[in-house]
Asks: 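Dropping a structure here in structure tokens format, bear with me for questions.
Hydrogens, waters and symmetry mates are skipped; everything else that's a heavy atom, side chains included, is used.
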Amino acid sequence: MGYLCYHISMKKEMGTVVLTQSEYDEIQASIVRLEALVKYYEEQFRLSRSRRFGPSSEISGQLGLFDEAENTIVPDLPEPELEEVTYTRRKRIAKREDDLSSLPVEVVEHTLPEEEQICPECGGDLHEMGHDTRRELKVIPAKVVVVEHNRAVYSCRNCEKNNDHVPIVKAPTPEPVIKGSLASPSAVAYIMAQKYVMCAPLYRQEKDWGRQGVTISRQTMANWVIRCAEDWLLPLYMRMFAILFGLGVIHMDETVVQVLREPGKAATTASYMWLYRTSGDADRHIVLFEYQPDRTGKHLAALLGEFKGIIHTDGYAVYHKLSPEITIVGCWVHLRRKFSDALKSIPTEQKANSVAQEAIRKLGYLFHLEELWQDLSPQERYTRRQYESKPLADAFFEWIQTLNVLPQSATGKAINYALNQRKWLMNVFHDGRAELSNNRIENSVRPFAIGRKNWLFCNTVQGAHASAVVYSIIETAKENGLKPFEYLEFLFETLPNTTTSGLDSLLPWGEAVPDHCRMSKKGGLQDAKTEDRASFHDGVRSKVS
């Protein structure tokens with residue numbers, strides 16, 4: 001192009017501007033290329049600005065409620081016949097009483113002394129006619145107490161006098177969670193809950209213990225966590241692995257974790273936490289973390305063994321190389337996110353009629369149908385998908401194949417991603433147990449990702465493995481409606497004094513878990529919203545059908 005411009009300028013100096021056809025064609029082609037390049041840079045600038053100053057994730061979930069109609073509208077869909085839907089719901093009152101119903105109540109009586117129970121008008125005696133009640137929340141901060149276990153030791157006076165052998169009998173005491181240590185079930189449970197639930201690193205906890213008048217170093221706390229994870233929580237962890245991989249549907253993902261002292265690797269090299277969890281149709285919810293030094297598929301294939309069933313994943317190629325007996329189901333939310341990012345790179349005045357906006361609208365209707373079918377059985381959901389959503393998905397892929405979009409543009413990349421992932425995305429229609437998205441596992445990743453921003457890294461490989469075990473126990477407990485601290489304390493009180501044959505009863509859904517470990521169910525407005533939602537979906541289903 002530079003030589004061509006020089007050639008044309010020489011012609012101008014000679015008084016002529018006549019161009020050959022090849023020179024003209026080359027100029028036009030260069031103009032087209034430069035215009036495309038400028039458009040690409042403008043698109044990247046808008047996308048970068050959106051990532052920097054806009055929302056940090058795709059607008060879905062609660063924020064998406066405001067534009068659900070625009071995203072799911074189908075202009076050609078005939079109007080359904082209207083019918084009256086009636087339902088009953090709880091009155092939206094006494095929400096505070098419902099929220100506080102599970103808390104203990106401490107009553108403080110405020111009365112007048114007897115000598116002051118005199119009428120200020122006539123001097124007669126006053127009598128109590130009623131009460132004015134005011135309620136408030138009282139917070140009792142954590143308190144550290146030293147517990148001494150004095151074990152009585154008995155001997156026989158008669159044997160002491162008359163026999164050569166004197167039997168010694170000791171009173172039974174519960175086994176400690178760590179022998180020869182100050183660690184108690186509640187102390188270890190508290191440290192774990194603070195780090196893995198409240199995301200408080202051990203160095204912060206060290207300072208907090210100091211403010212309580214107790215000197216416990218972060219190294220000591222780390223040793224307690226690792227020791228208790230390996231001795232007591234690991235058997236439960238392995239049992240949950242066996243249960244999970246005995247099911248037919250699993251969600252998988254992986255996220256980065258940094259391990260400073262990992263043999264053969266620099267401290268800045270990324271390692272990974274792999275995550276596995278049950279599907280929405282499972283009776284018992286399990287969330288498992290597993291530390292691995294990389295994200296290759298070698299250990300994954302060994303872990304799955306002879307597993308046959310459905311695995312929900314993102315578009316990572318390692319999953320696509322697993323056994324043919326495994327059906328990989330892609331994530332439609334990842335696909336929609338590609339078009340959402342593309343929409344951010346488009347000028348405001350062009351968004352309404354853009355390909356990205358139309359793709360989001362078409363995909364939105366698929367998610368809307370899934371929302372209507374969430375309470376159906378897998379077989380009913382499979383049948384509905386075959387007749388309603390699968391034709392829409394086929395039409396979506398046929399539509400994007402007809403589009404003429406620059407491959408390097410954000411919209412072009414989204415289309416290319418969709419076509420490359422089509423095989424695995426369409427697998428969702430092969431089984432009613434499969435889900436349209438892998439959001440379930442991404443929600444399980446979130447607590448780990450938030451905690452990672454605080455504790456930053458794992459010091460050793462042993463610590464990374466222990467963290468995987470503790471996160472698994474805690475997140476599984478939360479998924480099954482348990483309080484993490486109370487459940488951990490119960491485990492550390494019980495496991496040192498039980499056998500491996502009783503492990504199943506100690507799992508988060510086991511019958512041995514006491515009621516005080518379970519979270520109370522909220523009532524009031526929450527129940528009303530649930531009933532409203534159920535009635536709404538019943539009405540919509542009747543209209544759609």
Side-chain angles (χ1 to χ4, degrees), residues 39-75 251 253 255 312-316 329-372 374 389 392-426 428 435-446 449:
K39 184 177 180 181
Y40 171 77
Y41 285 140
E42 289 178 344
E43 183 181 77
Q44 293 301 309
F45 172 74
R46 286 189 293 268
L47 186 59
S48 175
R49 184 172 56 183
S50 175
R51 288 171 177 169
R52 182 178 181 183
F53 300 108
S56 59
S57 61
E58 176 196 5
I59 299 179
S60 59
Q62 292 185 353
L63 294 180
L65 295 175
F66 295 102
D67 59 356
E68 180 181 13
E70 290 79 1
N71 290 338
T72 61
I73 185 172
V74 180
H251 290 254
D253 201 2
T255 187
H312 291 85
T313 71
D314 52 21
Y316 185 34
V329 177
C331 179
W332 287 77
V333 168
H334 280 76
L335 173 60
R336 185 175 62 179
R337 194 172 297 148
K338 298 290 184 181
F339 285 103
S340 296
D341 289 341
L343 189 64
K344 297 173 184 177
S345 67
I346 298 173
T348 304
E349 63 277 6
Q350 299 177 15
K351 287 185 178 181
N353 299 320
S354 65
V355 169
Q357 182 65 64
E358 180 66 11
I360 293 173
R361 187 190 67 82
K362 292 179 180 293
L363 295 173
Y365 192 64
L366 291 177
F367 285 97
H368 181 64
L369 291 176
E370 289 295 317
E371 178 76 9
L372 298 180
Q374 64 179 350
S389 58
L392 294 177
D394 289 329
F396 170 80
F397 284 108
E398 293 174 2
W399 169 66
I400 62 175
Q401 285 179 315
T402 64
L403 300 175
N404 185 17
V405 180
L406 291 174
Q408 294 302 317
S409 64
T411 302
K413 292 179 179 178
I415 293 174
N416 185 60
Y417 176 86
L419 296 176
N420 289 338
Q421 298 294 321
R422 179 176 183 176
K423 172 184 176 181
W424 298 284
L425 290 169
M426 293 299 293
V428 71
E435 300 180 28
L436 208 61
S437 79
N438 202 27
N439 275 355
R440 195 173 300 278
I441 193 70
E442 292 193 354
N443 291 336
S444 298
V445 173
R446 190 168 293 112

Asks: Flag the pair Lys344 and Asp341 as a salt bridge only when some basic side-chain nitrogen lies within less than 4.0 angstrom of an acidic carboxylate oxygen.
Replies: yes
Asks: Determine whether the side chains of His312 and Asn438 contain a donor N or O and an acceptor N or O closer than 3.5 Å.
Replies: no
Asks: Return the set of residues passing side-chain hydrogen bond (donor to acceptor under 3.5 Å, both in side chains) with Asp253 (not counting sequence neighbours), or none when no residue passes.
Replies: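 Applying side-chain hydrogen bond (donor to acceptor under 3.5 Å, both in side chains) to Asp253 gives none.
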Asks: Is any side-chain heavy atom of Val333 closer than 4.5 Å to a side-chain heavy atom of Phe367?
Replies: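 They are in contact (side-chain heavy atoms under 4.5 Å apart), so the answer is yes.
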Asks: To the closest 0.5 Å, what do you measure between NE2 (His251) and OG (Ser437)?
Replies: 7.5 Å
Asks: Going by side chain to side chain contact (heavy atoms under 4.5 Å, CB included), name the residues that satisfy it together with Lys423, two or more places apart in sequence or in a different chain.
Replies: none
Asks: Provide the closest heavy-atom pair for Asn420 versus Trp424 in the form atom of the first, atom of the second, distance.
Replies: O-CZ3, 3.3 Å
Asks: Applying side-chain hydrogen bond (donor to acceptor under 3.5 Å, both in side chains), name anything that partners Gln421, two or more places apart in sequence or on another chain.
Replies: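 With sequence neighbours excluded, Gln421 shows a side-chain hydrogen bond (donor to acceptor under 3.5 Å, both in side chains) to no residue whatsoever.
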Asks: State which residues pass side chain to side chain contact (heavy atoms under 4.5 Å, CB included) with Leu392; sequence neighbours excluded, sorted by chain then number.
Replies: Tyr365, Leu366, Leu369
Asks: Specify the closest pair of heavy atoms between Ala356 and Phe339, including all atoms of both residues, with the distance to one decimal.
Replies: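 For Ala356 and Phe339, the tightest heavy-atom pair comes out as CB-O, 3.7 Å.
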Asks: In the structure I gave you, are the side-chain heavy atoms of Lys362 and Glu358 within less than 4.5 Å of one another anywhere?
Replies: yes
Asks: Going by heavy atoms in the side chains, are Ser354 and Leu343 under 4.5 Å from each other?
Replies: yes
Asks: Mind listing the closest non-hydrogen atom pair of Asp394 and Met426 along with its distance?
Replies: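 Closest approach of Asp394 to Met426: OD1-CE, 3.0 Å.
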Asks: Tell me, please, which residues at least two apart from Arg422 pass salt bridge (Lys or Arg N to Asp or Glu O under 4.0 Å).
Replies: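 Applying salt bridge (Lys or Arg N to Asp or Glu O under 4.0 Å) to Arg422 gives none.
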Asks: To the nearest 0.5 Å, how far apart are CH2 in Trp332 and CG in Leu436?
Replies: 6.5 Å
Asks: Give me the atom names and distance for the closest heavy-atom approach of Asn439 to Arg337.
Replies: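 It is OD1-NH2, 4.2 Å.
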Asks: So how far is it from Lys338 NZ to Thr411 OG1, rounded to the nearest 0.5 Å?
Replies: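 Atom-to-atom, Lys338:NZ and Thr411:OG1 are 12.5 Å apart.
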Asks: What do the steps show when you test Phe396 against Leu335 for side-chain contact (heavy atoms from CB on, under 4.5 Å), and what is the final call?
Replies: CA-CA 12 Å; Phe396 170 80; Leu335 173 60; 4.0 Å; yes
Asks: Sequence neighbours left out, what passes side-chain hydrogen bond (donor to acceptor under 3.5 Å, both in side chains) with Asn443? Give chain and number order.
Replies: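 Only Arg446 meet the side-chain hydrogen bond (donor to acceptor under 3.5 Å, both in side chains) criterion with Asn443.
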